[in-house]
Each structure stands twice: as C-alpha cells, then as structure tokens.
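A short write-up of the structure that comes next.
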Amino acid sequence: MVPLLKRLEIWNHTKSTEDKQQIDNLTPVLASLSSLSEIIWSGYIPRNISNIPWPYLRRFVIRKSLDTRQCLLLMARCPMIEEIVILCLMNSTRDTTLPIVDLPHLRTLYLKGDTGQLLDQLVLPSLRSLDMTPPMDDKALVRLGARSSCNLFHLCLLADKRPMHTISEWNALEYLQSACCQTLRSLHVKPATTDTFFRNLMWKAEGEIGNQYLPDLVELSATSYTTDGIVSEMVASRWHIQGKGYSPARLVCLDICQMVYARVEGDLVTLPLHSYERDGAVLGELAAQGLTLMDGYGSSLR
C-alpha cells in the first residue's frame with residue numbers, strides 16, 4: 001500500500017554526521033513513493049533529494065534552508081507541481097550554470113530569503129499568487145513577468161529588514177505597471193510606500209492624462225510614509241468614478257499602517273501617526289458606505 005501514499009510530512013532535527021547519513025539513505029524509499037502529491041519537509045534535507053522524480057507531486061513545502069541550485073533541480077523533477085513554499089532560500093554563490101526551469105502548472109509560489117537568483121531561472125506561465133521577499137535586484141520581478149507572461153491575482157512583497165534609506169528608492173512601481181500585474185486583485189506591499197506609489201494607483205477621471213494601473217484591485221495592504229490625504233484620495237478615485245470612461249473594480253478592503261519619521265535622541269526612527277485627519281475623514285465616510293477599513297495590523301476599524 002506504500003506506493004499509494006499521497007501525503008508525506010517529515011520532521012527531523014538531526015545534527016550529527018551519522019544521523020544525516022541515515023537520512024541520505026532514505027532516497028531509495030522516497031523514490032518508491034511515486035504517487036505522492038504533497039511533501040512537507042522540516043529539518044535536514046537529503047543531499048540527493050533532487051535526483052528523485054516526483055511525477056504526481058502537486059505541492060511541496062521546504063522549511064529548511066535550501067540553496068538556489070538545489071531548489072531548481074528539485075523543481076525540475078516536479079512537472080505537475082502547483083504550489084511551492086520555500087521558507088529559507090539561499091543564493092548559490094559563484095554559480096553561473098544554473099538551469100532554466102519551466103513549471104507550466106505552478107499557480108502559487110511562496111519564497112522567503114535571497115530570491116533574485118532563483119527568479120531569473122524560472123518560467124511560470126500559470127502563476128496566479130506570488131508571496132515573497134523582494135529581491136535586491138528589483139528588475140528580477142520585471143524579468144520574471146516578461147519571461148512568463150503570467151496573470152497574477154495576488155502579490156505580497158514583504159521585506160521588513162530593508163534599510164530605511166532605501167524605502168523611497170524601492171522600485172515596486174515598475175513591476176506593478178507591468179502586464180502580468182494588471183490582473184491583480186490583492187496587493188500587499190512592504191517596506192513602506194510613499195506618495196508616489198499611491199499617486200500612481202489613483203484612477204484618472206475621463207479626460208485626465210495618465211496611465212491607469214491595476215484595474216481589478218479590490219484589496220490593498222501597505223505601510224505608508226505619505227502626506228495626509230494621499231491615501232484617501234487614491235481610494236476615493238476608485239470608489240467614486242466620474243465620467244463615462246472605463247471604471248476599475250471598487251476597493252473593498254484597505255489595510256494601511258501610516259507612519260511618520262521622528263528623531264528620538266538623535267536617531268531617525270519610525271512612529272505611528274494618529275493625526276491623518278483628511279485621510280481619516282474620507283476613509284471614515286467610505287467605511288460607512290461599505291469599505292472594510294483595517295488598522296494596519298489586521299484588525300477591523302469598523
């Protein structure tokens with residue numbers, strides 16, 4: 001009955017060389033489980049796991065650190081994979097011979113760690129949900145979208161550890177303006193966003209000059225360093241549409257944590273700011289009309 005096994009979850013916290021050798025010796029057993037559709041692996045990973053074919057695997061989760069080469073070789077063995085979760089990805093240093101991997105059925109990708117090197121080797125035409133640490137090379141996301149021609153529905157870019165001085169320089173906008181993001185329904189962005197970010201998401205009334213982006217967006221979560229009134233103006237532009245031009249979807253959920261810079265004993269730090277009066281007034285009116293307004297920490301204000 002073992003060949004009919006569908007789901008396998010392995011937890012091991014071994015540290016000794018002998019124990020690792022025993023896990024490496026599991027390869028023939030794993031190779032016999034050809035019917036597996038899901039694997040969740042926590043702890044030491046066999047060195048030759050990328051040599052095992054997984055013809056029916058739909059989902060795998062790796063909670064232990066994995067370098068880019070290992071990850072790509074493992075992905076290449078999963079032709080039917082639909083969901084991948086890697087919680088600690090590391091670059092393969094000085095490796096210039098990484099393979100290109102095409103995963104035609106992959107719909108959900110969750111990556112934490114050094115992601116840029118991996119993104120440059122993937123072709124993901126069916127990708128719908130991307131949750132990841134933003135690569136230091138922001139254009140890696142643009143290249144992935146152009147290479148894959150996918151249509152994303154959900155995007156989460158979370159990087160709390162980015163240096164503060166790079167916040168306003170972070171180039172999320174170029175990626176959000178790409179073709180693969182114009183189908184986005186849900187967007188979660190950190191590090192913090194600025195006035196420029198929200199101005200680019202404003203929906204122009206008929207006759208106004210400028211490009212329109214993310215017409216299907218209904219849920220937005222972000223940390224913002226913005227001028228009072230900018231966030232609510234963007235939301236209102238997608239809520240009350242003037243003219244007879246093409247109208248976007250109405251934002252139904254907004255989760256914004258508004259912050260301000262402050263000097264504390266000579267150090268530049270960020271503090272919550274509770275006096276966004278213009279934003280508070282407009283967003284309060286929209287909340288009364290049906291907008292779900294969150295407090296920046298996932299709790300509803302309604």
Side-chain angles (χ1 to χ4, degrees), residues 110 128-134 152-160 162 164 167-168 170 172-173 175-177 181-206 208 210-243 245-262 269-302:
Y110 185 104
R128 297 294 180 265
S129 177
L130 178 59
D131 189 320
M132 64 178 296
T133 304
L152 285 174
F153 295 156
H154 168 81
L155 176 63
C156 178
L157 301 173
L158 175 61
D160 289 332
R162 281 221 171 189
M164 185 178 296
I167 287 175
S168 62
W170 181 57
L173 284 172
Y175 185 60
L176 294 176
Q177 293 167 358
C181 282
Q182 300 318 301
T183 48
L184 277 179
R185 301 170 185 170
S186 172
L187 174 62
H188 304 264
V189 181
K190 292 182 182 181
T193 49
T194 61
D195 287 6
T196 301
F197 176 85
F198 287 95
R199 286 195 179 102
N200 274 271
L201 291 186
M202 287 183 188
W203 200 262
K204 285 77 176 176
E206 188 176 14
E208 288 186 316
N211 295 321
Q212 312 278 40
Y213 299 111
L214 311 189
D216 298 328
L217 190 66
V218 296
E219 179 181 332
L220 175 63
S221 173
T223 299
S224 69
Y225 293 81
T226 53
T227 305
D228 184 21
I230 292 294
V231 173
S232 57
E233 184 180 353
M234 182 278 294
V235 178
S237 75
R238 291 169 171 266
W239 195 271
H240 301 133
I241 306 301
Q242 300 177 354
Y246 173 62
S247 298
R250 177 178 290 187
L251 272 172
V252 297
C253 184
L254 182 70
D255 188 5
I256 300 292
C257 181
Q258 293 174 308
M259 308 290 287
V260 65
Y261 291 121
V269 299
T270 56
L271 299 171
L273 183 67
H274 301 292
S275 58
Y276 276 70
E277 296 179 357
R278 291 176 58 192
D279 279 336
V282 174
L283 294 176
E285 293 178 3
L286 295 177
Q289 299 175 42
L291 174 68
T292 298
L293 191 61
M294 313 295 283
D295 65 357
Y297 301 96
S299 300
S300 176
L301 297 178
R302 293 184 60 192

Less than 4.5 Å apart, side chain to side chain, heavy atoms only: is that true for [X] and [Y]?
| X | Y | value |
| --- | --- | --- |
| L293 | L286 | no |
| I256 | F198 | yes |
| P215 | W203 | yes |
| H188 | L155 | no |

May I ask you to decide if [Y]'s main-chain N or O and [X]'s side chain share a donor-acceptor pair within less than 3.5 Å?
| X | Y | result |
| --- | --- | --- |
| D279 | S232 | yes |
| R238 | L201 | yes |
| T183 | L152 | yes |
| Q182 | L176 | yes |

[atom1]-[atom2] distance between [X] and [Y], expressed to the nearest 0.5 angstrom:
| X | Y | atom1 | atom2 | value |
| --- | --- | --- | --- | --- |
| I230 | D195 | CD1 | CG | 4.5 Å |
| N200 | L214 | CG | CG | 9.5 Å |
| S237 | R199 | OG | CZ | 12.5 Å |
| E219 | H154 | CD | NE2 | 8.0 Å |
| Y110 | C156 | OH | SG | 7.5 Å |
| D255 | L220 | CG | CG | 8.5 Å |

Taking all non-hydrogen atoms of both residues into account, name the closest pair between L291 and W239 and its distance.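 In this case the closest contact between L291 and W239 is N-CH2, 3.5 Å.
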
If you take all heavy atoms of M202 and K204, which pair is closest and at what distance?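 So the two residues come closest at O-NZ, 3.4 Å.
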
Can you list the steps and then say if E277 with D228 is a side-chain contact (heavy atoms from CB on, under 4.5 Å)? CA-CA 7 Å; E277 296 179 357; D228 184 21; 4.1 Å; yes

N211 and Q177: side-chain donor and acceptor closer than 3.5 Å?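 N211 vs Q177: no donor-acceptor pair found between side chains.
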
